[in-house]
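Take a look at the structure set out below.
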Amino acid sequence: QVQLVESGGGLVQAGGSLRLSCAASGRTFSRYGMGWFRQAPEKEREFVSAINWSGGNTYYADSVKGRFTISRDNAKNTVYLQMNSLKPEETAVYYCAQSRYSASSYYARDFHSWGQGTQVTVSS
C-alpha cells in the first residue's frame with residue numbers, strides 16, 4: 001500500500017503558474033506509473049497527465065498540452081506537475097494517483113491509490 005500526499009495548490013490569477021508535488025511512501029514508488037487527475041465542483045474527475053515508471057513516457061490531456069509538465073524524481077519518491085498559463089476553468093481539486101502498472105495510463109481505473117487532493121483556484 002502506498003500513501004500519497006499532494007501539496008502546492010493555492011490561489012493564483014489567470015495566466016499564473018503553480019507547481020504541484022506528490023510525495024509517496026510505502027509501496028515501491030519507482031516501479032509504477034503515476035498520474036494527476038482533477039475534479040471541479042459538480043463535475044466528473046478528469047485525467048490531466050501521467051508518467052511511466054522511469055519518466056521516459058508522459059501523457060497529457062489535450063486541454064493542458066503545452067502548458068503543463070509532469071515529471072518525477074524517483075530518488076525523492078515524488079511526482080510533480082508544473083502548471084503554467086492557468087485558466088479559471090481549471091479550478092479544481094487535483095489528485096495524484098499511482099498506477100497498478102509500470103506504464104502510465106489515461107484511465108482512472110488503472111490507478112489504485114489516490115492522495116487526498118490539493119485545491120487549485122484560478123481567479124479571473
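One is the number of the first residue; the rest follow in order along the sequence.
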Can you list the steps and then say if M34 with F29 is a side chain to side chain contact (heavy atoms under 4.5 Å, CB included)? CA-CA 9 Å; M34 297 293 296; F29 175 79; 3.8 Å; yes

Working to the nearest 0.5 angstrom, can you tell me the gap between [X] [atom1] and [Y] [atom2]?
{"X": "R72", "Y": "I70", "atom1": "CZ", "atom2": "CD1", "value": "8.5 Å"}
{"X": "D110", "Y": "S99", "atom1": "CG", "atom2": "OG", "value": "6.0 Å"}
{"X": "N57", "Y": "S102", "atom1": "CG", "atom2": "OG", "value": "10.0 Å"}
{"X": "S85", "Y": "R67", "atom1": "OG", "atom2": "CZ", "value": "6.5 Å"}
{"X": "C96", "Y": "I51", "atom1": "SG", "atom2": "CD1", "value": "12.5 Å"}
{"X": "S104", "Y": "F111", "atom1": "OG", "atom2": "CZ", "value": "6.5 Å"}

What are the two closest heavy atoms between [X] and [Y], and how far apart are they?
{"X": "Q116", "Y": "V5", "value": "OE1-CA, 3.8 Å"}
{"X": "R45", "Y": "A108", "value": "NH2-CB, 3.8 Å"}
{"X": "G8", "Y": "L18", "value": "O-CD2, 3.8 Å"}
{"X": "S105", "Y": "F47", "value": "O-CE1, 3.3 Å"}
{"X": "E90", "Y": "V64", "value": "OE2-CG1, 3.8 Å"}
{"X": "L81", "Y": "S49", "value": "CD1-CB, 4.1 Å"}

Is the distance between the ring centroids of F37 and Y95 under 6.0 Å? no

Can the ring centres of Y32 and Y101 be said to be less than 6.0 Å apart? no

Just by modelled atom types, is the [Y] backbone N or O under 3.5 Å from a matching donor or acceptor in the [X] side chain?
{"X": "T78", "Y": "K76", "answer": "yes"}
{"X": "T118", "Y": "G9", "answer": "yes"}
{"X": "Q82", "Y": "R19", "answer": "no"}

Using the rule given for side-chain hydrogen bond (donor to acceptor under 3.5 Å, both in side chains), can you reason through S17 versus N84, listing the C-alpha separation, both sets of side-chain angles and the distance that settles it, and then say yes or no? CA-CA 4 Å; S17 298; N84 299 328; 2.9 Å; yes

Are [X] and [Y] connected in the hydrophobic side-chain network, where two residues link if heavy atoms are under 4.5 Å apart?
{"X": "V122", "Y": "F68", "result": "yes"}
{"X": "V79", "Y": "Y59", "result": "no"}
{"X": "V2", "Y": "Y94", "result": "yes"}

If the condition is ring pair (Phe, Tyr, Trp, His ring centres under 6.0 Å), which residues does W53 pass it with, not counting sequence neighbours? none

Whether E44 and R38 form a salt bridge (side-chain N of Lys/Arg under 4.0 Å from carboxylate O of Asp/Glu) is what I want to check. no

Within the structure provided, determine whether L20 and V120 are in side-chain contact (heavy-atom separation under 4.5 Å). yes

